[in-house]
Amino acid sequence: MDTNSSNFIIHKIEDDINSNKYSEEEIITRFPPEPNGFLHIGHVKAALLNYNIAKRYGGDFHLRFDDTNPSKEEQQYIDSIIDDLKWLGLEFDEPYFGSNYFDQMIDYARELINKGLAYVDDQTGEEIKQNRGDLFSPGKDSPYRNRSIEENLDLFNRMVDGEFQPGEKVLRAKIDMASPNMNLRDPVIFRILNGKNEHLNKEYHVFPMYDYAHPLEDAIEGVTHSLCTLEFEDHRPIYDWVLNNIDDFKEKPPVQIEFARLELTDSIVGKRYIKQLVDEGIVDGWDDPRLVTISGLRRRGYTPEALQDFSEEIGISKSNSKVDYKMLEHFVRNDLKNKAKRLNVVLNPIKVVITNYPDDQVEELEIETNMDNPEMGKHKIPFSKNLYIEASDFMEEPVKKYFRLFPGNEVRLRGAYFVKCTDVIKDEDGNIVEIHCTYDPETKSGSGFNKRKVKSTIHWVSEESAVPIKVNLYDNLISDETFDSNNFIENINPESKVTVTAYAEPEILNTLPNEKIQFIRNGYFNADPKLFNKDNLEFNRIVELKSGWRPPKKDKK
RNA sequence: AGGGGUAUAGCCAAGCGGUAAGGCACCAGAUUUUGAUUCUGGCAUCCCGUAGGUUCGAAUCCUGCUACCCCUGCCA
């Protein structure tokens, strides 16, 4: 299944299986997003990691919404997360919700109070902060730290009942105000928020904090291995503390294992930053094709297979790293090369006239839809006297090693004939208006002609039958060097999206929404399902083709 | 009285005491009706952040050092 199987996480799990702590089928993993935004490529890595581990052992995988902060969470995010994960290819039962366990969490808090391990603190937020100390000096005990169990219980019950205002009181774990680990300096475990839990449709006056809620959510669901990102390493002691102090779970608590989050060059990964782009209207929405959100990548035309392969290949480790964006692009190309229709589409046209071709003749030529995948069959393409070719496929004064069209040179028109450039027609300002060529009827595609060879094949469309289409050419939103978390918005590439009108062969009219098409020599494109309409076709470029040759830079003086 | 992590090629990443997998990128060549794809070869020649140590043998074990990342929300 997964090739990169021998990593440190698998080792730990395998140890647990070999020592009979768990049988293979008992392994349960979970992917726990907070529903406060859309999923992105980083979540793909995390979700797939958890999912593939559960699959590997025949255990269970849970999608669980970590919805402990009602002020940030919205139904639209829950919906999108489910949709995106299903699209990615994950299969799971009804999602779990952390908020379903609020009543149990409140009960467990009473257990902690009864054990003298939690207390109600009346300090203000500012006082708590002051007394926490800092990285180099210990904190000070709260004056309320030694209240009696009875008083704590009474106060907590009144918090739960809604007798107090937000900020008035919190419930804290009684651990160690002098711990070198800040997370252990009596962390707040319940705060007062007079919010309605939308999902449960029930009023709550206290909401649990992540550090308290997460281990309990895992334990309640029977999760065995709780995989999270590196920044939670310092939280592992509190994770363990909570479970070791609750009788129901102290026997066989889940273990937290951390791995490095995904970073990608030339892109903005990170919900916080993506949300800012969306909120400020810099992109069109969470599914803007320039974003590395799952929905953005999907709209751009990326496939689930490509994301899965990518995710597999980047591996899992604990070192902070930044994966080259080219790696992602490689896996879409790789997935699409045998799936996409390959059509002649001219992005930047220049007119060609075949001077020795009959004026009104139109030939219906047959052309393979994907030369590397004969199963995709053939389709018809009309050929006539007046054509468009790609401007970059012609050079009036060719540079060395240029073997496309130039005066006196002969090339093949893909699926048609050899043509030789005889003339270049210009207007009074010296701009090229059209290129005149002659064709050789003997060289018709498929005729087996082999008396002479050409060094290049170029794509074309006939002027009369060309279908104008709208094409969005995307570039990265930002370059790796310009990413600065404080003011990255200033460095957004204004040309990250450029829309051009292109000319396509008529076969494009048989395109379906979301279908992938390779525009010969111009890369892979996706029929944007959101903008798709038969009278006004719009495509997004997924990724460019690799090019063994690029036109030389404009003369640098 | 700070604590917790991580260092293997341009970028990811295997490796778990027996003599540096794989992928991306890149380079060279072959095939090619897309300068794509495909194929072949080359890409860490006393080397695994660094300095020592243990060992017949070290990227793997030990010690010191250095660099980078995370932590002082009633966010997750």
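These numbers come from the heavy atoms of this one structure, side chains and all, not from hydrogens, waters or symmetry mates. Every chain is numbered from 1 and lettered A, B, ... according to where its sequence line falls, protein lines coming before strand lines.
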Among [options], the one nearest [X] by side-chain distance:
{"X": "A:Glu34", "options": "B:A76, B:A36, B:U33", "value": "B:A76"}
{"X": "A:Val170", "options": "B:A14, B:A25, B:C74", "value": "B:C74"}
{"X": "A:Pro138", "options": "B:A76, B:A1, B:G35", "value": "B:A1"}
{"X": "A:Arg191", "options": "B:A1, B:C74, B:C71", "value": "B:C74"}
{"X": "A:Leu135", "options": "B:C11, B:G35, B:G2", "value": "B:G2"}
{"X": "A:Met182", "options": "B:U72, B:A76, B:A1", "value": "B:U72"}
{"X": "A:Ser456", "options": "B:C75, B:G35, B:G5", "value": "B:G35"}
{"X": "A:Glu313", "options": "B:G23, B:G3, B:A36", "value": "B:G23"}
{"X": "A:Glu233", "options": "B:G4, B:G73, B:C24", "value": "B:G4"}

I need the [atom1]-[atom2] distance between [X] and [N], as an integer number of Å.
{"X": "A:Asp393", "N": "B:A36", "atom1": "CG", "atom2": "C1'", "answer": "13 Å"}
{"X": "A:Phe156", "N": "B:C74", "atom1": "CZ", "atom2": "P", "answer": "17 Å"}
{"X": "A:Lys72", "N": "B:C74", "atom1": "NZ", "atom2": "C1'", "answer": "12 Å"}
{"X": "A:Glu544", "N": "B:A36", "atom1": "CD", "atom2": "P", "answer": "14 Å"}
{"X": "A:Glu231", "N": "B:G3", "atom1": "CD", "atom2": "P", "answer": "21 Å"}
{"X": "A:Leu264", "N": "B:C24", "atom1": "CG", "atom2": "C1'", "answer": "12 Å"}
{"X": "A:Ile314", "N": "B:C24", "atom1": "CD1", "atom2": "P", "answer": "14 Å"}
{"X": "A:Asp309", "N": "B:C24", "atom1": "CG", "atom2": "P", "answer": "11 Å"}

Pairing nucleotide - [N], Watson-Crick or G-U, each distance under 3.5 Å:
{"N": "B:C74", "answer": "none"}
{"N": "B:U60", "answer": "none"}
{"N": "B:U38", "answer": "B:A30"}
{"N": "B:A25", "answer": "none"}
{"N": "B:C48", "answer": "none"}
{"N": "B:A13", "answer": "none"}
{"N": "B:A7", "answer": "B:U66"}
{"N": "B:A20", "answer": "none"}

Need one value for [X]: base, sugar-phosphate or nothing, where a base atom within 4.0 Å counts as base even if backbone is also close, heavy atoms only.
{"X": "A:Gln123", "result": "base"}
{"X": "A:Gln518", "result": "base"}
{"X": "A:Ala260", "result": "nothing"}
{"X": "A:His330", "result": "sugar-phosphate"}
{"X": "A:Asn69", "result": "sugar-phosphate"}
{"X": "A:Lys322", "result": "sugar-phosphate"}
{"X": "A:Phe232", "result": "base"}
{"X": "A:Gly446", "result": "base"}
{"X": "A:Asp372", "result": "base"}
{"X": "A:Ser179", "result": "nothing"}
{"X": "A:Leu328", "result": "nothing"}
{"X": "A:Ser137", "result": "nothing"}
{"X": "A:Lys401", "result": "base"}
{"X": "A:Tyr402", "result": "base"}

Show the atom names and distances, to 0.1 Å, of all donor-acceptor pairs under 3.5 Å that link a side chain in residues 375-382 of chain A to residues at least two apart or in another chain.
| from | atom 1 | to | atom 2 | distance (Å) |
| --- | --- | --- | --- | --- |
| A:His379 | ND1 | A:Thr369 | OG1 | 2.8 |
| A:His379 | NE2 | A:Glu505 | OE1 | 2.8 |

Any luck finding a side-chain donor-acceptor pair between [X] and [Y] under 3.5 Å?
{"X": "A:Glu390", "Y": "A:Asn522", "result": "yes"}
{"X": "A:Thr124", "Y": "A:Glu126", "result": "no"}
{"X": "A:Tyr101", "Y": "A:Glu221", "result": "yes"}

task: Quick one: closest heavy-atom pair of A:Ala260 and A:Lys45, and the distance?
output: O-NZ, 2.7 Å

Within the modelled atom types, does a donor on one side and an acceptor on the other bring the side chain of [X] and the base of [N] under 3.5 Å apart?
{"X": "A:Asn181", "N": "B:G4", "value": "no"}
{"X": "A:Arg521", "N": "B:G35", "value": "no"}
{"X": "A:His235", "N": "B:C71", "value": "no"}

message: Within 90° of 0 counts as syn, otherwise anti: where does B:G23 fall?
response: anti

message: Nearest heavy atom decides the nucleotide; on that basis, is A:Met371 or A:Lys45 closer to the 5' end of RNA chain B?
response: A:Lys45

task: Show your working on ring pair (Phe, Tyr, Trp, His ring centres under 6.0 Å) between A:Tyr273 and A:Phe488 and close with a plain yes or no.
output: CA-CA 9 Å; A:Tyr273 304 118; A:Phe488 69 97; 5.3 Å; yes

- request: Answer yes or no: does atom CZ of A:Arg272 have more than 12 heavy-atom neighbours from other residues, nucleotides or ligands under 6.0 Å?
  value: no

task: For residues A:Phe207 and A:Phe102, establish whether the separation of their ring centroids is below 6.0 Å.
output: yes

task: Measure from NZ or CZ of A:Lys169 to the centre of the six-membered ring of A:Phe164, then state whether that distance is under 6.0 Å and the direction lies within 45° of the axis.
output: yes

